[in-house]
**Student:** 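Here it is: the structure, laid out below.
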Amino acid sequence: MASRGRLRLAALALALTALGGVALAAEPEKAATDKSQTDKPQIDRPLGVVELFTSQGCSSCPPADELFAELAGKDDIVALAYHVNYWDYLGWQDTLSTKENTERQYDYMRAFGSRSVYTPQAVINGRSHVNGASRKDVDGALARMDRTGEGMRVAIKVSRTSDRVTIDAGDAGGGPADAHVVIVYFDPPQMVKIGQGENSGRSLTYWNAVSDIQTAGMWHGKAQRYELPMTEITKKGGCAVLLQSVGKDGMPGPILGAAFIHKP
């Protein structure tokens, strides 16, 4: 999300072409032999997106991290964990936190009209937030938004060849819409032994910890294609694509579509 210039514009050479428009710039012989590959069936409209704001230094977060691990294992949920740094003063510096993650949470705070941030906070589909440790609240918000049309209404299909990833964003189908194409990179699962602070002595496993966020392009409500080089994907533990609307003030808005980009 390029909110107030905080998240750097992706230095990815993304080629935009409308579906049914200009063909991909690939050599004919290459296109014939380098077929699209996928590791498993692609879910182009997941149930929803759960963004957990958490911290290794927060004693209330381990139950939320455990619930999040379950969500991260589901094929129909795009689950992303943003480790924040404002609890570091309690004695333990979160090894997975970034200032960009913290800034994203503060952006959501302003978008929701809240007065403060907290952990564990789960933002659902970019539309509302609940206690990230409450299975009832998280599942309830996902189910409610799916029923009321506030879920993933734009299909996102991802395919890959040996040298590129292709992202096909569908049509809004309900009038004009604008959104940012956001690439969220995350680390592979890792266990961290916490040496100080409120969780001192505990060894906890963290899933899908966000390491970088890049705004990679714009979507204007019509079916559109985006490309990024496979080299960018292989450098990371994993990544997801979010189609997220942005307010006039630059704050993050509802997420309209999402998908994981699987590594080879």
Side-chain angles (χ1 to χ4, degrees), residues 1-8 48-68 71 77-146 148-151 178-180 182 184 186 194 197-199 204 206 208-215 242-256 258:
M1 186 65 49
S3 53
R4 299 186 177 180
R6 286 176 179 152
L7 299 178
R8 57 192 176 85
V49 176
V50 176
E51 296 177 278
L52 176 67
F53 292 91
T54 185
S55 172
Q56 296 169 6
C58 165
S59 61
S60 300
C61 286
D65 297 323
E66 292 178 8
L67 173 58
F68 179 85
L71 297 175
I77 294 177
V78 175
L80 302 166
Y82 299 81
H83 285 247
V84 298
N85 58 18
Y86 49 78
W87 293 123
D88 289 357
Y89 79 93
L90 294 176
W92 177 255
Q93 184 174 348
D94 191 308
T95 60
L96 300 172
S97 68
T98 68
K99 66 181 181 63
E100 289 80 11
N101 289 350
T102 304
E103 288 169 355
R104 183 166 175 84
Q105 188 181 26
Y106 271 92
D107 283 346
Y108 271 130
M109 178 196 76
R110 286 183 278 270
F112 295 146
S114 303
R115 292 187 175 183
S116 61
V117 295
Y118 65 94
T119 56
Q121 179 189 38
V123 174
I124 312 298
N125 295 349
R127 295 177 180 271
S128 68
H129 62 98
V130 298
N131 181 348
S134 172
R135 183 187 302 272
K136 178 181 177 181
D137 289 347
V138 172
D139 288 348
L142 286 167
R144 183 181 67 256
M145 291 183 190
D146 187 50
T148 60
E150 296 178 315
D178 288 319
H180 287 192
V182 182
V184 183
F186 54 85
I194 300 174
E198 293 186 343
N199 293 316
L204 302 171
Y206 295 101
N208 296 6
V210 172
S211 59
D212 193 16
I213 315 168
Q214 300 177 345
T215 299
L242 307 179
L243 197 65
Q244 186 163 26
S245 59
V246 179
K248 293 181 179 179
D249 55 2
M251 295 299 103
I255 296 173
L256 310 177

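Every value quoted in this text rests on a predicted model; they were computed, and no experiment measured them. Scope of the values below: all heavy atoms of this structure, side chains included, with no hydrogens, waters or symmetry mates.
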**Student:** Looking at residues at least two apart in the chain, or sitting in another chain, which of them share a ring pair (Phe, Tyr, Trp, His ring centres under 6.0 Å) with Y118?
**Tutor:**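 If we apply the ring pair (Phe, Tyr, Trp, His ring centres under 6.0 Å) test to Y118, skipping adjacent residues, the hits are H129.
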
**Student:** How would you list, by chain and number, every residue that makes a side-chain contact (heavy atoms from CB on, under 4.5 Å) with A133, sequence neighbours excluded?
**Tutor:**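 Counting only residues at least two positions away or on another chain, A133 forms a side-chain contact (heavy atoms from CB on, under 4.5 Å) with P63, A64, P120, N131.
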
**Student:** So, for A122 and G132, which heavy atoms are closest and what is the spacing to 0.1 Å?
**Tutor:**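 Looking at all heavy atoms of both residues, the shortest contact is CB-CA, 3.7 Å.
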
**Student:** Would you please name every residue forming a ring pair (Phe, Tyr, Trp, His ring centres under 6.0 Å) with Y206, sequence neighbours left out?
**Tutor:**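 Testing Y206 for ring pair (Phe, Tyr, Trp, His ring centres under 6.0 Å), a comparison that skips the adjacent residues, returns H83.
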
**Student:** Can you list the residues that meet the side-chain contact (heavy atoms from CB on, under 4.5 Å) rule with S211, with sequence neighbours excluded?
**Tutor:**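 Per chain and number, S211 pairs via side-chain contact (heavy atoms from CB on, under 4.5 Å) with Y185, D187.
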
**Student:** Which atom pair, heavy atoms only, marks the closest approach of P62 to C58?
**Tutor:**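 Looking at all heavy atoms of both residues, the shortest contact is CD-O, 3.4 Å.
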
**Student:** Can you name the nearest heavy-atom pair linking N199 to G57, along with the distance?
**Tutor:**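 Closest approach of N199 to G57, heavy atoms only: ND2-C, 4.1 Å.
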
**Student:** Could you tell me which residues satisfy side-chain hydrogen bond (donor to acceptor under 3.5 Å, both in side chains) with Y82, sequence neighbours excluded, listed by chain and number?
**Tutor:**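 For Y82 the side-chain hydrogen bond (donor to acceptor under 3.5 Å, both in side chains) partners, ignoring immediate neighbours, are E51, R104.
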
**Student:** Going by the rule side-chain contact (heavy atoms from CB on, under 4.5 Å), which residues pair with M145 if we only count those two or more places apart in sequence or in a different chain?
**Tutor:**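 I124, N125, R127, S128, E150.
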
**Student:** Taking the side chain as every heavy atom from C-beta outward, state whether I213 and N101 have any pair of such atoms under 4.5 Å apart.
**Tutor:**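 Yes - at least one pair of side-chain heavy atoms lies under 4.5 Å apart.
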
**Student:** Within the structure provided, determine whether Q56 and L96 are in side-chain contact (heavy-atom separation under 4.5 Å).
**Tutor:**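 A side-chain contact exists here, since the closest heavy-atom pair is under 4.5 Å.
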
**Student:** Of all residues at least two apart in sequence or in a different chain, which pass the side-chain hydrogen bond (donor to acceptor under 3.5 Å, both in side chains) check with S97?
**Tutor:**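 Scan of S97 (side-chain hydrogen bond (donor to acceptor under 3.5 Å, both in side chains), adjacent residues dropped) gives none.
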
**Student:** Which residues pass the side-chain hydrogen bond (donor to acceptor under 3.5 Å, both in side chains) test with D139, not counting sequence neighbours?
**Tutor:**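 Partners of D139 under the side-chain hydrogen bond (donor to acceptor under 3.5 Å, both in side chains) test: none.
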
**Student:** The criterion is salt bridge (charged side-chain N to carboxylate O under 4.0 Å, His left out); which residues satisfy it with R144, sequence neighbours excluded?
**Tutor:**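 In terms of salt bridge (charged side-chain N to carboxylate O under 4.0 Å, His left out), with neighbours along the sequence ignored, R144 is linked to no residue.
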
**Student:** Looking at N208 and F186, would you say the former's side chain and the latter's main chain have a donor-acceptor pair under 3.5 Å?
**Tutor:**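 Judged by distance alone, no pair lies under 3.5 Å.
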
**Student:** Under the rule for side-chain hydrogen bond (donor to acceptor under 3.5 Å, both in side chains), what residues qualify as partners of N85, not counting sequence neighbours?
**Tutor:**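 Counting only residues at least two positions away or on another chain, N85 forms a side-chain hydrogen bond (donor to acceptor under 3.5 Å, both in side chains) with T102.
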
**Student:** Tell me whether W87 at atom CH2 has more than 12 heavy atoms from other residues, nucleotides or ligands lying less than 6.0 Å away.
**Tutor:**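 Incorrect, the count does not exceed 12.
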
**Student:** Quick check: do T54 and F68 have side-chain heavy atoms less than 4.5 Å from each other?
**Tutor:**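 A side-chain contact under 4.5 Å is absent here.
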
**Student:** What residues, two or more places apart in sequence or in another chain, satisfy side-chain contact (heavy atoms from CB on, under 4.5 Å) together with E198?
**Tutor:**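 Testing E198 for side-chain contact (heavy atoms from CB on, under 4.5 Å), a comparison that skips the adjacent residues, returns S59, L90.
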
**Student:** If the test is side-chain contact (heavy atoms from CB on, under 4.5 Å), which one of V123, D65, T119 qualifies with L52?
**Tutor:**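 Testing each of V123, D65, T119 against L52, the sole residue satisfying side-chain contact (heavy atoms from CB on, under 4.5 Å) is D65.
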
